[in-house]
Amino acid sequence: MFNPMLPSLDAYDAYRWAQDRFDHRDYYAAAKVLRRLVDEHPHEHELGDARELLARAYYHSAQLEPAVTTARELLAARPDHAYAALLLARSLERLSRHEEAASARRLADALGAVA
């Protein structure tokens, strides 16, 4: 069983369900399923961009500390991930951690992230 809310879904279908929830701006529900999915399948290549979608869902649902953590995990795995750097910068800015945000913003700019 993957999730009590979604007992009949395998990992791929749960990811697709989370994408649908994200597309319908139900960011909290998407994050909840994606968190478990990423924990159970830590290798991002298995499910596409699950970790990126998780960081985005955290950011859009104002769960900023988890957004920061997840964006940093993304950057650790893929140092050239421009959007992860941008998500990190924006999350830190919303947390009023401006010095850290400035560093992340410079990285995002260097990687060519579009703000």
Side-chain angles (χ1 to χ4, degrees):
M1 180 184 317
F2 174 74
N3 185 308
M5 293 174 30
L6 308 166
S8 64
L9 298 183
D10 63 11
Y12 176 78
D13 289 333
Y15 176 68
R16 299 289 299 178
W17 183 88
Q19 282 182 313
D20 182 68
R21 292 294 81 216
F22 186 91
D23 291 344
H24 285 90
R25 298 182 181 199
D26 188 357
Y27 305 119
Y28 187 81
K32 191 172 182 177
V33 170
L34 288 163
R35 175 78 269 159
R36 185 156 179 196
L37 190 61
V38 166
D39 288 346
E40 291 179 2
H41 301 273
H43 304 291
E44 186 176 315
H45 66 274
E46 292 178 6
L47 293 169
D49 293 322
R51 195 174 304 272
E52 178 184 330
L53 190 59
L54 175 60
R56 293 174 63 202
Y58 279 147
Y59 176 81
H60 288 294
S61 62
Q63 298 178 71
L64 300 175
E65 288 296 342
V68 167
T69 300
T70 306
R72 285 190 170 139
E73 291 170 356
L74 260 174
L75 284 169
R78 294 174 45 198
D80 62 339
H81 198 300
Y83 194 69
L86 184 60
L87 274 173
L88 178 59
R90 288 180 176 171
S91 298
L92 290 167
E93 288 165 353
R94 287 180 67 187
L95 287 165
S96 297
R97 292 163 54 185
H98 299 293
E99 282 186 34
E100 290 176 84
S103 176
R105 178 69 68 178
R106 284 191 297 276
L107 176 59
D109 290 344
L111 294 172
V114 177

**Message:** Could you check whether any side-chain heavy atom of Arg35 comes within less than 4.5 Å of a side-chain heavy atom of Thr70, counting everything from C-beta outward?
**Reply:**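 Contact flag for Arg35/Thr70 side chains = yes.
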**Validation row: Tyr27, Arg25 side chains within 4.5 angstrom (heavy atoms)** =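 Tyr27 vs Arg25: side chains touch.
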For [X], all residues meeting side-chain contact (heavy atoms from CB on, under 4.5 Å), sequence neighbours excluded:
| X | result |
| --- | --- |
| Leu107 | Leu75, Ala85, Leu111 |
| Glu65 | Leu95, Arg97 |
| Gln63 | Tyr28, Ala31, Tyr58, Ser61, Pro66 |

Looking only at non-hydrogen atoms, find the nearest pair between [X] and [Y] and report the distance.
| X | Y | result |
| --- | --- | --- |
| Ala55 | Ala67 | O-CB, 4.0 Å |
| Arg105 | Ala89 | N-CB, 3.6 Å |
| Ala18 | Ala30 | O-CB, 3.5 Å |
| Glu52 | Leu74 | CA-CD1, 3.5 Å |
| Ala84 | Ala71 | O-CB, 3.7 Å |

**Message:** Test: salt bridge (charged side-chain N to carboxylate O under 4.0 Å, His left out). Region: residues 14-23. Which pairs qualify, not counting sequence neighbours?
**Reply:**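 For residues 14-23, and leaving out neighbouring residues, the salt bridge (charged side-chain N to carboxylate O under 4.0 Å, His left out) pairs sorted by first residue read Arg21-Asp26.
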[X] [atom1] to [Y] [atom2] distance, which is reported to the nearest 0.5 Å:
| X | Y | atom1 | atom2 | answer |
| --- | --- | --- | --- | --- |
| Asp49 | Leu34 | CG | CG | 11.0 Å |
| Tyr12 | Leu37 | OH | CG | 12.0 Å |
| Leu64 | Arg90 | CG | CZ | 12.5 Å |
| Tyr59 | Leu86 | OH | CG | 8.0 Å |
| Gln19 | Asp13 | CD | CG | 11.0 Å |

**Prompt:** For Arg56, which residues count as a side chain to side chain donor-acceptor pair (under 3.5 Å) partner, sequence neighbours excluded?
**Reply:** none
**Prompt:** Does a salt bridge link Glu100 with Arg72, judged by any charged N lying under 4.0 Å from a carboxylate O?
**Reply:**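 Looking at Arg72 together with Glu100, the answer is yes, because their closest N to O distance falls below 4.0 Å.
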**His98: ring pair (Phe, Tyr, Trp, His ring centres under 6.0 Å) partners, not counting sequence neighbours** = none
